[in-house]
S.K.: 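Before anything else, here's the structure in question.
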Amino acid sequence: MPKNESEVYTLRYVDFIMPMVKSIQEQQMIIDALKIQNQQLQLKIDKLNDLEAEVKQINSLLLQLEKQIKQ
């Protein structure tokens with residue numbers, strides 16, 4: 001704290017480095033958690049895409065069967 005109005009504020013390196021390091025660590029934890037969540041969501045998307053392909057294949061087989069029955 002300045003002692004009078006004309007004095008400037010000072011900040012020691014040690015006063016701000018630890019909070020800065022702590023905040024970076026917290027951000028990294030959030031990033032890591034989001035990466036895991038993203039990977040899990042990507043796996044779900046891949047499974048849904050596989051299921052969609054299977055449904056299309058089943059629909060195609062059903063159409064073929066319907067054509068054979070009509071003949």
Side-chain angles (χ1 to χ4, degrees):
M1 281 300 274
K3 293 176 183 168
N4 60 48
E5 289 182 17
S6 62
E7 220 173 77
V8 293
Y9 281 92
T10 59
L11 182 63
R12 295 179 306 161
Y13 176 78
V14 102
D15 291 338
F16 73 92
I17 192 67
M18 291 310 290
M20 187 173 67
V21 168
K22 180 70 174 164
S23 67
I24 291 170
Q25 290 171 338
E26 290 172 359
Q27 286 177 343
Q28 190 60 49
M29 286 173 43
I30 292 169
I31 290 168
D32 293 341
L34 288 172
K35 282 181 181 179
I36 291 169
Q37 184 181 12
N38 188 39
Q39 290 170 345
Q40 291 170 341
L41 290 171
Q42 188 58 52
L43 287 173
K44 288 179 181 182
I45 289 171
D46 293 343
K47 286 179 184 179
L48 286 173
N49 286 337
D50 291 344
L51 288 173
E52 182 182 21
E54 287 180 30
V55 167
K56 285 180 181 179
Q57 186 178 14
I58 290 169
N59 282 336
S60 175
L61 291 171
L62 285 173
L63 287 174
Q64 289 175 6
L65 284 173
E66 286 176 356
K67 287 179 184 178
Q68 288 177 0
I69 291 172
K70 288 180 182 179
Q71 292 176 351

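Any value given below was found using the heavy atoms of this structure, including those in side chains, with hydrogens, waters and symmetry copies removed. Numbers here simply count residues along the sequence, with the first being 1.
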S.K.: How about Gln28: does its CD atom have over 12 heavy atoms from other parts shown lying under 6.0 Å from it?
M.R.: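 It does: Gln28 CD has more than 12 such atoms within range.
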S.K.: Does a donor on one side chain and an acceptor on the other come within less than 3.5 Å for Gln42 and Asn38?
M.R.: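 The answer is no; no qualifying pair exists.
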S.K.: Counting heavy atoms not belonging to Met20, are there more than 12 under 6.0 Å from its CE?
M.R.: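 Result for CE/Met20: enclosed.
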S.K.: Are Met29 and Ile24 connected, step by step, through hydrophobic side chains (Ile, Leu, Val, Met, Phe, Trp, Tyr) whose heavy atoms are closer than 4.5 Å?
M.R.: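 No, separate clusters.
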S.K.: Can you tell me how far CD of Gln68 sits from CD of Gln71, rounded to the nearest 0.5 angstrom?
M.R.: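 Reported to 0.5 Å precision, the distance equals 7.0 Å.
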S.K.: Atom CZ of residue position Phe16 - does it have more than 12 heavy atoms of other residues, nucleotides or ligands inside 6.0 Å?
M.R.: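 Correct, the count exceeds 12.
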S.K.: Can you list the steps and then say if Glu66 with Leu63 is a side-chain contact (heavy atoms from CB on, under 4.5 Å)?
M.R.: CA-CA 5 Å; Glu66 286 176 356; Leu63 287 174; 3.7 Å; yes
S.K.: Rounded to the nearest 0.5 Å, what separation is found between the CD1 atom of Ile36 and the CG atom of Leu41?
M.R.: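 Separation between the atoms: 12.0 Å.
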S.K.: So how far is it from Gln27 CD to Ile31 CD1, rounded to the nearest 0.5 Å?
M.R.: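 It is 6.5 Å, given to the nearest 0.5 Å.
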S.K.: Measuring from Lys67:NZ to Lys70:NZ, what's the distance to the nearest 0.5 Å?
M.R.: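 It is 9.0 Å, given to the nearest 0.5 Å.
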S.K.: Would you kindly confirm whether Val55 and Leu61 end up in one hydrophobic cluster when ILVMFWY residues are joined by side chain heavy atoms under 4.5 Å apart?
M.R.: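 No; tracing contacts between hydrophobic side chains, which count when under 4.5 Å, never links both residues.
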